[in-house]
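Read through the structure below, which is laid out as structure tokens, and then see the notes.
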Amino acid sequence: MPLLHKLAAVLVVAAVVLGLTLPGDRHRSGPARTAARAGSDTAAAPPSAAAPSATPRAAVPPASRTPTPDPSAPIRAASAQAVAVKANELGEVPVIMYHRIMKKPQLSLDRSVAEFRTELTRLADEGYSPITAAEFVSGRIDVPAGRHPVVLTFDDSSPGHFGLDANGAPLPDTAVAIIEEVARAHPGFRPTATFYLNDDLFNMGDRAAEGLKWLTSHGFEIGNHTVTHADLSRLPEKGVRKEIGGMEDRIVSLTGAHTTTFAYPFGAVPRKRAWAQRDGSRYAFQGVFLAGWKPSESPFSTGFDRWAITRVRSEGKIKENDCKRFCSTAWLDYLDKHPGERYTSDGDPATVTFPAAAVEHLAPAFRSYARDY
Ligand SMILES: [Zn+2]
């Protein structure tokens with residue numbers, strides 16, 4: 001499994017690099033112009049704690065864009081509904097990472113159509129409701145009270161993710177078709193996901209623009225994953241910017257909109273994280289995703305780092321690659337057994353509700369939205 005070993009190695013390296021470079025990068029931001037963004041909807045939710053002031057989002061109301069953290073401000077009482085469902089909006093959120101979806105898996109990162117359908121059905125049955133990566137990073141988490149957000153992410157734009165038939169409908173047994181099918185059967189399971197694209201767009205050839213428009217007009221989100229699936233840790237600044245900027249140019253030319261988030265190929269982090277975060281008006285992300293190993297912190301939590309968001313690889317509890325502990329089946333089992341650690345919605349996207357004992361984990365920027373019990 002050279003690829004997986006490589007993946008594991010870069011994750012370790014990434015964690016070290018991220019830890020070392022975090023403070024500097026956080027505060028280094030020049031004025032950047034942002035174009036119209038894909039996935040910028042208008043939910044009146046709190047902005048995320050680490051939102052770079054240089055990239056304001058038009059969708060966030062001005063009043064809530066610059067909350068004034070006041071550590072002594074009293075926290076208001078949670079709603080009866082939030083208490084009844086044991087809301088915990090500082091809990092963990094699984095961001096599940098999928099690669100190829102196919103009838104007969106060939107590589108260890110592949111999942112079969114049957115496995116994928118089973119996992120989605122499990123998520124629906126256990127009260128998860130999908131949101132996009134862009135919604136997640138900006139804290140626009142609008143799921144019903146008592147339900148748990150999940151982010152479904154698909155890397156590498158392979159044909160098993162999506163395609164259109166002659167009538168313009170999703171091809172059967174693609175990820176998109178299965179997501180829509182599971183959503184139809186499970187009210188409350190919103191059919192959405194985020195697709196991290198490389199240059200070969202689902203093998204759709206000259207129907208690529210039509211395909212991307214279908215996705216965005218049906219509530220799915222598009223993200224950037226570089227032109228050639230390059231290992232960014234091995235490239236100089238120019239190369240990093242060419243890989244990301246080239247893919248962004250292509251997406252903008254096909255859809256008319258920018259992406260909001262980026263996922264590192266192989267989870268490999270470039271020497272300077274800032275190279276991947278923004279490049280003038282060419283690209284300016286709101287969040288960047290790593291390749292694996294654990295659920296993400298809540299975007300309202302002090303532990304959340306929008307430039308290094310962890311994901312969970314979709315896989316059963318197989319022995320290899322520590323999937324008995326670190327892949328999706330194991331983590332969903334864990335969160336099911338430890339409901340207090342999981343993000344549970346209060347049903348109101350404009351408030352952040354949590355048990356009073358968890359207040360130390362609240363990022364100061366969200367104090368004015370906080371409710372406890
Ligand atoms: Zn990839």
Side-chain angles (χ1 to χ4, degrees), residues 1-15 18 94-102 105-111 116 132-134 136-137 151-163 174-176 193-204 208 211-212 215 220-235 239-248 250-251 259-270 273 275-277 283 285 287-294 296 307-315 320-321 323 326-328:
M1 255 60 57
L3 176 62
L4 288 172
H5 284 167
K6 189 175 177 188
L7 189 69
V10 294
L11 286 174
V12 172
V13 172
L18 296 173
V95 178
I96 305 184
M97 175 180 69
Y98 295 96
H99 287 85
R100 297 192 302 180
I101 306 292
M102 53 213 310
Q106 295 165 0
L107 303 171
S108 74
L109 281 170
D110 300 337
R111 299 235 74 190
F116 179 59
T132 67
F136 178 65
V137 299
V151 186
L152 308 175
T153 65
F154 294 82
D155 289 11
D156 311 348
S157 46
S158 60
H161 296 169
F162 178 60
T174 57
V176 169
T194 300
F195 294 90
Y196 288 107
L197 309 181
N198 298 131
D199 196 47
D200 182 1
L201 298 168
F202 312 110
N203 207 6
M204 287 184 85
L212 297 192
L215 288 172
F220 291 88
E221 189 199 10
I222 286 165
N224 188 323
H225 197 47
T226 75
V227 176
T228 70
H229 206 274
D231 177 349
L232 300 184
S233 68
R234 294 165 170 271
L235 292 180
V240 171
R241 296 194 181 282
K242 190 176 166 198
E243 279 286 345
I244 301 173
M247 195 63 222
E248 192 70 10
R250 176 128 194 264
I251 292 170
T259 63
T260 304
T261 59
F262 176 76
Y264 291 124
F266 311 107
V269 180
R273 298 200 301 170
W275 299 345
Q277 291 166 6
Y283 57 84
F285 300 115
V288 175
F289 289 79
L290 298 172
W293 94 88
K294 62 178 186 142
S296 174
W307 303 121
I309 302 167
T310 51
R311 296 191 286 173
V312 172
R313 174 187 159 193
S314 175
E315 184 55 87
E320 79 171 74
N321 212 36
C323 277
F326 297 116
C327 293
S328 60

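Only this structure's heavy atoms are used, side chains among them; waters, hydrogens and symmetry mates stay out. This chain uses plain numbering: 1 for the first residue, then up along the sequence. For ligands, and for the atoms within them, numbers begin at 1 and follow the listed sequence.
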Open item on the list: How close do V312 and C327 get, counting heavy atoms only, and between which atoms?
Closed with: CG1-C, 3.6 Å

- [ ] Show all protein N/O/S atoms under 2.8 Å from the Zn ion (ligand 1), or state that there are none.
- [x] D156 OD1, H225 NE2, H229 NE2

Open item on the list: I'd like to know if the side chain of T261 pairs up with that of Y196 as donor and acceptor (distance under 3.5 Å, no hydrogens or angles considered).
Closed with: yes

Open item on the list: For Y283 and F285, take the angle between the two ring planes, folded into 0 to 90°, and tell me which bin it lands in: parallel under 30, tilted 30 to 60, perpendicular over 60.
Closed with: parallel

- [ ] Please state whether the rings of F116 and Y98 are parallel, tilted or perpendicular, taking 30° and 60° as the class boundaries.
- [x] perpendicular

Task: Partners passing salt bridge (Lys or Arg N to Asp or Glu O under 4.0 Å) against E243 (at least two apart in sequence or in another chain) - done: none

TODO: Mind listing the closest non-hydrogen atom pair of D199 and M247 along with its distance?
DONE: N-SD, 3.6 Å

